[in-house]
Amino acid sequence: MATTHKTRMLIIGSGPAGLSAAIYGARAGMQPIVVQGLQPGGQLTITTDVENYPGFRDVIQGPWLMQEMQAQAEHVGTRMMWDTILDVTLDGSPFRATGDSGDIYEGDVLVIATGAQAKWLGVPGEQELSGKGVSACATCDGFFYRGKKVVVIGGGNTAVEEALYLTNHSNDVTLIHRRDSLRAEKILQERLFAHPSIKVLWNQAVEGFSASADGRALGTVDLVDTVTGAKSQVPTDGAFVAIGHAPATDLFKGKLELDESGYIVVQPGTPKTAIPGVFACGDVMDHTYRQAVTAAGTGCMAALDAERFLADLDFAAAKAEAVA
């Protein structure tokens, strides 16, 4: 039988943003409920080595970090729910979400932390070699390829920015693009073409990724020329797929304002959406930084703003009752 779960703070998503919001919300006495979704823990659960999260001088594992965040959230009073939200009603507080289980979740405030997923090519070897040479985040993983040969796949702003960033670690960076011109902004293209450590391979589509001779890491990127059909292989130590991200916002289409890329629009410098009491944090509203530490920071912001929103509600209710 379906159950209705009520809370002062309902959080959808359980990555760094959602769990940070839960920690702050629980400490403020809001007894948050976190509905974990299809990928509990978010993208860090499929990330192996994490070297840039503050507080750890040695490399840590992404899944371990998320387990610790969840344990901390539960320790201070968060309820974790194993469910996937299929529908939301945002007409006003309390906000209502319906889970795949049939259960209903109601929150006086709603924090959306559903994240975003990197877009992948869907070619052979891509997932098998993920974390073994194939990545979708140069900022996260570029450090591991110091002095090594790397390639970036894509032709937009993200790809050019990742290629330029990788020159901090490598003097052998190749950008691979399936067309004969880039879609990136002109100023980024100028920086790319002027950089002595970057070369571009035009009209090359990636057909797959092949392992090294010992099978333990990436060995080559397998290409096909989009004009001639000729096949080739590019030996490399690291390959960064940079063809964009897809925010998990299908639930909110027609219910919240989204930008042209599908990210939730918030008031600048805040996690506040256009609906009072509904907040968005983490990668679902951040198409610029997309880091665990920035996601955690916006989760904190969402909880603090949610606490203030509820305090105002409570004050208004108490004032109305006193007048009555």
Side-chain angles (χ1 to χ4, degrees), residues 13-23 36 39-75 113 115-120 125-153 158-159 161-173 197 209-221 235-242 245 281-283 286 288-300:
S14 57
L19 292 178
S20 295
I23 291 166
Q36 300 193 71
Q39 190 178 49
Q43 292 188 72
L44 274 182
T45 59
I46 57 172
T47 302
T48 51
D49 294 344
V50 176
E51 200 170 30
N52 56 4
Y53 198 85
F56 304 95
R57 62 181 176 183
D58 295 322
V59 175
I60 58 174
Q61 299 300 299
W64 175 85
L65 178 60
M66 297 318 301
Q67 288 171 9
E68 291 297 302
M69 281 193 186
Q70 179 177 327
Q72 183 180 5
E74 291 178 303
H75 177 72
Q117 297 290 331
K119 294 179 181 178
W120 294 95
E126 185 173 50
Q127 294 306 312
E128 294 84 350
L129 291 167
S130 179
K132 300 177 183 178
V134 178
S135 171
C137 182
T139 309
C140 309
D141 299 329
F143 183 76
F144 299 113
Y145 298 92
R146 299 184 302 278
K148 296 183 179 181
K149 178 180 175 62
V150 296
V151 302
V152 177
I153 299 147
T158 299
E161 288 169 351
E162 299 245 297
L164 289 166
Y165 172 80
L166 285 166
T167 60
N168 293 316
H169 306 295
S170 170
N171 59 6
D172 190 346
V173 179
S197 298
F209 299 93
S210 295
S212 56
D214 61 10
R216 298 172 61 184
L218 175 67
T220 63
V221 179
T236 190
D237 298 297
F240 294 85
V241 179
H245 285 73
C281 55
D283 289 5
D286 173 20
T288 303
Y289 301 103
R290 295 193 298 268
Q291 299 297 302
V293 67
T294 52
T298 57
C300 164

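A donor-acceptor pair under 3.5 Å links the side-chain atoms of S212 to the main chain of A217, judged by distance alone. Listed for the Q67 side chain is no donor-acceptor partner under 3.5 Å among the backbone atoms of W64.
The two residues A295 and D283 make their nearest non-hydrogen contact at CB-OD1, 4.5 Å. Of all heavy-atom pairs between Q36 and Q70, the closest is OE1-OE1, 3.5 Å. Here the closest heavy-atom approach between residue Q61 and residue V50 is recorded as C-CG2, 4.4 Å. Of all non-hydrogen atoms in Y53 and A296, the two that sit nearest each other are OH-CB, 3.7 Å. The two atoms that bring T139 and E162 nearest to each other are N-OE2, 4.2 Å, heavy atoms only. In terms of heavy-atom proximity, A138 sits nearest to Y165 at O-CE2, 3.2 Å.
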- Message: Using side-chain contact (heavy atoms from CB on, under 4.5 Å), reason through D286 and T294 one step at a time and then give a plain yes or no.
- Response: CA-CA 9 Å; D286 173 20; T294 52; 3.9 Å; yes
- Query: Please walk me through it: do S14 and M66 pass side-chain contact (heavy atoms from CB on, under 4.5 Å)?
  - Reply: CA-CA 9 Å; S14 57; M66 297 318 301; over 6 Å; no
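The CD1 atom of I23 sits 11.0 Å away from atom NE2 of H75, with the distance rounded to the nearest 0.5 Å. The structure places CG of L19 at 12.0 Å from CD of E68, a figure rounded to the nearest 0.5 Å. Atom CD of Q72 sits about 11.0 Å away from atom CD of E74, to the nearest 0.5 Å. A distance of 12.0 Å separates CG of N171 from CG of L166, quoted to the nearest 0.5 Å. Within the model, atoms OG1 of T158 and NZ of K119 stand 9.5 Å from one another, a figure rounded to the nearest 0.5 Å. With rounding to the nearest 0.5 Å, the separation of CG in N52 from CG in D141 is 8.5 Å.
Partners of F144 according to the ring pair (Phe, Tyr, Trp, His ring centres under 6.0 Å) rule, which considers only residues two or more places apart in sequence or in another chain, do not exist here.
Among V241, T220, T236, the single residue meeting the side-chain contact (heavy atoms from CB on, under 4.5 Å) criterion with F209 is V241.
Ring pair Y145/F240: centre-to-centre distance below 6.0 Å.
Atom OH of Y289 is surrounded by 12 or fewer heavy atoms from other residues, nucleotides or ligands within 6.0 Å. Residue K149 places its NZ atom among more than 12 non-hydrogen atoms of other residues, nucleotides or ligands, all under 6.0 Å distant.
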